Amino acid sequence: MEEKYAFAEIEEKWRRRWEQDGLYHVHDFSERPKYYCLEMFPYPSGHLHMGHVRNYAIGDVIARFKTMRGYDVLHPMGWDAFGLPAENAAIKHGVPPARWTWDNIRTMRGQLKLLGVSYDWRREFATCHPGYYRWTQWLFLQLYHRGLAYKAKAPVNWCPSCATVLANEQVVAGACERCKTAVERRELEQWFFRITAYAERLLRDLNKLGGWPEKVKVMQENWIGRSEGAEISFPIVGTDEQIKVFTTRPDTLGGVTYMAIAPEHPLCGRVAAPEYRAAVDAFVERARRLSELERTAGEHEKEGVFTGAYCLNPLNGEAVPIFVANYVLMEYGTGCVMGVPAHDQRDFEYARKYGLPVRVVIQPEGEPLDGETMAEAYTGPGHLVNTGEFNGLPNVQAMAEITAYLESRGAARHQVQYRLRDWLISRQRYWGAPIPIVYCADCGTVPVPESALPVLLPEDVAFKPTGSSPLLDLPEFVNTVCPRCGRPARRETDTMDTFMCSSWYYFRFTSPREENAPWDRDRVDRWLPVDQYIGGVEHAVLHLLYSRFFTKFLYDIGLVGIEEPFTNLLTQGMVLKDGAKMSKSKGNVVSPEDILARYGADTTRLFVLFATPPERDLEWSDQGVEGCYRFLQRVWRLVTSVLTEIRDVPAVPARDLVGVNRSMRRLTHQTVKKVTVDIETRFNFNTAISATMELVNGMYQFRDRVSAVDRDPAVMREAVEKLLLLLAPFAPFLTEELWARLGHTESIHKEPWPEYDPELLVEDQVEIVVQINGRVRSRMTLPANISAAEMREAVLEQPRIRELVAGKEIQKIIPVPGKLVNIVIR
RNA sequence: GCCGAAGUGGCGGAACUGGCAGACGCACCGGACUCAAAAUCCGGCGGGCUAACCACCCGUGUGGGUUCGACUCCCACCUUCGGCACCA
């Protein structure tokens, strides 16, 4: 009686065994080359979803493959454990966030173990543990001491639903990235990290990231948004003040016909002439009341009012009317723009609406532009006109010359402007790492000394449904003494953005229990940078940008020796069901628990890897899972059925085999090559798996269609062993079980990756295609090593071809050795 | 609007550097086994034409081009998805 593939018992057995033996423990120092394989660690939301399964299955194949390839592979897992859902659960169900979080971690850890991912669990940590966040706070202090963490009053993004502020990166199309609520603009005093100080390096070093997808680099490039131009000063008539503008087009300065300032600009209040004051105030009031969403979503009708004031164009001395206009953003540049209607589409629209002059200063080749009649702004190249001594210059040259001219008179300077803003890291929430700062009536803002870290987050707290942080009402937390003067002082009650916690976790995995420093330098030097990082593309400008910033900062202060944390990045696609992202609200969620219970880990892993290449979206298919399950059963039946036949033979067939034994060997070795290349060079696990399926199909034929006398058991043994080794990274449990049944006493996961013999790959006969005028007309089998000339001859002798060519003039014959011959006739 | 990616059977997807389009899997159809079913095994499976799985024709989003030969390269366009969105 055939024994069934009992995945549940097999998987449980090996899970225990591996854990007992510490099979996946990796040591920090050895002679072998290192490989750091990291998947983005999850937020412990409660249960693993299919996106996690896919992410971790991909990482595990890479880690296991590299291990078999002879590397020491660091493959750790942990928990991004601070965050809002824990707090919401506390408010809703009365469960303390810490308990909720730790419970979730326990569940999800169990699920990851079920999946059979080869983590070194000794290195696990959670960012909400004081042993970790102590160092998060410590890193905050390092930034603070170097002037890169600062508190400032600024207009910030406020999410009313989450009851906290958000960083720019966390606002998507005017709405909260987490909960999709429209964010509001508020003027608050908040903590920032000066990521803008690294803008240039973050941009420049994108070039070093050859192993990153172009898509992600472009997103970061756009996010940083570098533009080069000039800052130009326009003196305001009748005052000592100046209006500064940033422009990328100093060449169009002569075409300025008005000046526009943002409604939030402090100048609005000062500059307006008395008789215009009321109108200006009313306009400013109205513009400010618009929500961020209304102001930014979609193109808006451009509106503005005249202030009654004028400034002087530093190039030609003309008086230019000053407007307040709703399309000018306070946050970018200086909050003021010079209006050049002829050469900027926005200015053009505004000028037409308010009847302002349109003066052409850049004249393209061909038909001349006319400010009176043009239908849209001209933004292309040309020669200068209406610009005095600069007339006739090509505009690109004029940019530099006009800037230089003004610079010499103190009216301008060359300027590089970024779209990137500083990273707002304060959160008005409880479940995060407290910001280690104390406010003293006498000493002001005082950092907590490093020796006093961690500033512990109190866990015995009461939650209010308002969402306001319970820390505010906790005198024993808030009230403290000033570290500097010892007098009573008040603690900062805001906590840090959780993206801060995840900006350095990949260093911590190298030495997770280190108590005297955030990490052990030797270990960081040994393991970093991460060789392969795997996760969702949604972090393109969040986590991935922040982590790059952190790494550069840490490099600058000498704590790490690398400037970029992630050498290669793989952004995996989403898991879809019925064409849409799985979500509770759509009711199209497939739970990993169910699938694991029904089919086991090996099948689950195999399916998410086989369905599509990693970077593409994956459409869930129950039937596809079924198919993978069938395949593994097929492997099981095949191997168990030949076990007695091959048990006592070595897997080293003779070299001079012929016929079926030779073909079987060829297929085996071809498969080894294909799988190796598919994994190694492009992570195409789907085609790697399909190659093993073909091998299995071939092995079935070898078993069933070749009589036992003609079959060399060593050939079968070799095929079985190589098959199991090739499948080991994908289906670690099944292959381990069958490996043991073959009589091996060491784990298959300690075996080296199989080799192939190039000599065995060569076919002696190949089928070639015969084309006439590029269309397939015939096929024939020829010796593989035949020369081009011989091929020509052989083809022309073929009766069918002779027939087709008869009476035609042969113009040309193109032989492609080993593939085809194309005959061109007329 | 700008930037980026992708369009291949009924479906997921293959096709290395320009050389047999549709590997592998799913679904479906037929057969074997079975009292029957499931499972398993074997075979078929882009469309048209046809008595014919002889041959021929069409076929990788659309239209053009380069080439002996194009899913692959070039030009133009269409569609879908993702990112940014008054950034001066």
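No hydrogens, no waters, no symmetry mates; every other heavy atom, side chains included, goes into these values. Because the structure is predicted, anything quoted here is derived from the model rather than measured.
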Gap between atoms [atom1] and [atom2], on [X] and [N] respectively (whole Å):
X: A/Leu576; N: B/rG12; atom1: CG; atom2: C1'; answer: 12 Å
X: A/Tyr629; N: B/rU40; atom1: OH; atom2: C1'; answer: 14 Å
X: A/Leu632; N: B/rC24; atom1: CG; atom2: C1'; answer: 15 Å
X: A/Leu606; N: B/rC26; atom1: CG; atom2: P; answer: 12 Å
X: A/Glu615; N: B/rA6; atom1: CD; atom2: P; answer: 10 Å
X: A/His343; N: B/rC86; atom1: NE2; atom2: C1'; answer: 19 Å
X: A/Phe348; N: B/rA88; atom1: CZ; atom2: C1'; answer: 17 Å
X: A/Asp622; N: B/rC11; atom1: CG; atom2: C1'; answer: 14 Å

Under 3.5 Å for both distances, Watson-Crick or G-U wobble, that's the pair rule; now give the dot-bracket for RNA chain B, with | marking pairs to another strand and [ ] for crossing ones.
(((((((..(((......[....))).(((((.......))))).(((.......)))..(((((..]....))))))))))))....
What are the atom names and distances for every N/O pair under 3.5 Å that joins the protein to nucleotides 56-58 of chain B?
from   : atom 1 : to       : atom 2 : distance (Å)
B/rC56 : OP1    : A/Arg777 : NE     : 3.4
B/rC56 : OP1    : A/Arg800 : NH2    : 3.0
B/rC57 : OP1    : A/Arg777 : NH2    : 3.4
B/rC57 : OP2    : A/Arg777 : NH2    : 2.9
B/rC58 : OP2    : A/Arg775 : NH2    : 2.3

Tell me, do [X] and [Y] make a side-chain contact under 4.5 Å, heavy atoms counted?
X: A/Val696; Y: A/Phe631; answer: yes
X: A/Val770; Y: A/Met780; answer: yes
X: A/Leu569; Y: A/Val216; answer: yes

Using the side chain to side chain contact (heavy atoms under 4.5 Å, CB included) rule, take A/Arg711 and A/Val706 through it: C-alpha gap first, then chi angles, then the decisive distance, then the call.
CA-CA 6 Å; A/Arg711 200 159 67 214; A/Val706 177; 4.2 Å; yes
Please report whether the ring centroid of [Y] lies less than 6.0 Å from that of [X].
X: A/Trp620; Y: A/Phe607; answer: yes
X: A/Tyr354; Y: A/Tyr258; answer: no
X: A/Tyr350; Y: A/Tyr327; answer: yes

So, does [X] get its side chain near the phosphate of [N], meaning an N or O under 4.0 Å from OP1 or OP2?
X: A/Arg634; N: B/rG25; value: no
X: A/Arg637; N: B/rC41; value: yes
X: A/Arg419; N: B/rC84; value: no
X: A/Arg630; N: B/rA27; value: yes
X: A/Asn686; N: B/rA14; value: yes

At 4.0 Å (heavy atoms only), tell me whether [X] reaches a base, stays on the sugar-phosphate, or touches nothing.
X: A/Thr334; result: nothing
X: A/Gly624; result: nothing
X: A/Glu626; result: nothing
X: A/Gln623; result: sugar-phosphate
X: A/Asp617; result: sugar-phosphate
X: A/Ser621; result: nothing
X: A/Phe610; result: base
X: A/Arg682; result: sugar-phosphate

Name the residue closer to the 5' end of RNA chain B, choosing between A/Gln771 and A/Gln417 according to the nucleotide with the nearest heavy atom.
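Nearest-nucleotide comparison on RNA chain B picks A/Gln771.
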By nearest-heavy-atom nucleotide on RNA chain B, the more 5' of A/Met574 and A/Ala611 is A/Ala611
If you measure from the Lys or Arg side-chain nitrogens to the Asp or Glu carboxylate oxygens, is any gap between A/Glu214 and A/Lys217 under 4.0 Å?
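Counted as a salt bridge, because a side-chain N and a carboxylate O are separated by less than 4.0 Å.
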Does A/Glu763 come within less than 4.0 Å of A/Arg666, counting only side-chain N to carboxylate O?
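Salt bridge: yes.
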Under the salt bridge (Lys or Arg N to Asp or Glu O under 4.0 Å) test, residues paired with A/Lys674 that sit two or more places apart
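Partners of A/Lys674 under the salt bridge (Lys or Arg N to Asp or Glu O under 4.0 Å) test: A/Asp678.
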Contacts of type salt bridge (Lys or Arg N to Asp or Glu O under 4.0 Å), residue A/Arg359, not counting sequence neighbours
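A/Arg359 satisfies salt bridge (Lys or Arg N to Asp or Glu O under 4.0 Å) with A/Glu318 once adjacent residues are dropped.
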Could you label the plane-to-plane angle of the A/Phe685 and A/Phe730 rings as parallel, tilted or perpendicular, counting under 30° as parallel and over 60° as perpendicular?
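Rings of A/Phe685 and A/Phe730: perpendicular, as their planes differ by over 60°.
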Closest to the A/Lys819 side chain: B/rG19, B/rG13, B/rA88?
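Nearest nucleotide to the side chain: B/rG19.
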Cation-pi geometry met for A/Arg419 and A/Tyr332 (6.0 Å, 45°)
no
Span that lies between the [atom1] atom of [M] and that of [N], in whole angstrom:
N: B/rG65; M: B/rC84; atom1: C1'; answer: 34 Å
N: B/rU8; M: B/rG1; atom1: P; answer: 25 Å
N: B/rC2; M: B/rU72; atom1: P; answer: 26 Å
N: B/rG18; M: B/rG30; atom1: C1'; answer: 40 Å
N: B/rA6; M: B/rC16; atom1: P; answer: 14 Å
N: B/rA14; M: B/rG82; atom1: C1'; answer: 25 Å
N: B/rG69; M: B/rA21; atom1: C1'; answer: 14 Å
N: B/rC74; M: B/rU66; atom1: C1'; answer: 7 Å

Can you find an N or O donor on one side and an acceptor on the other, under 3.5 Å apart, linking the side chain of A/Lys302 with the base of B/rC86?
yes
Should we count CZ of A/Arg226 as having more than 12 external heavy atoms under 6.0 Å?
yes
Please determine whether the number of non-hydrogen atoms from other residues, nucleotides or ligands lying under 6.0 Å from atom NZ of A/Lys808 exceeds 12.
no
For B/rG9, decide between syn and anti, treating a glycosidic angle within 90° of 0 as syn.
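Syn conformation for B/rG9.
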Under the side chain to side chain contact (heavy atoms under 4.5 Å, CB included) rule, what do A/His265 and A/Val328 come out as? Steps first, then yes or no, please.
CA-CA 10 Å; A/His265 203 289; A/Val328 183; over 6 Å; no
Contacting residues from residues 808-816 of chain A, given that a heavy atom lies under 4.0 angstrom of RNA chain B
A/Lys812, A/Ile814, A/Val816
Nucleic acid contacts of residues 687-699 of chain A, taken as heavy-atom distances under 4.0 Å to RNA chain B
A/Thr687, A/Ser690, A/Met693, A/Glu694, A/Asn697
Among A/Val608, A/Leu606, A/Thr604, whose side-chain contact (heavy atoms from CB on, under 4.5 Å) with A/Cys628 holds?
A/Leu606
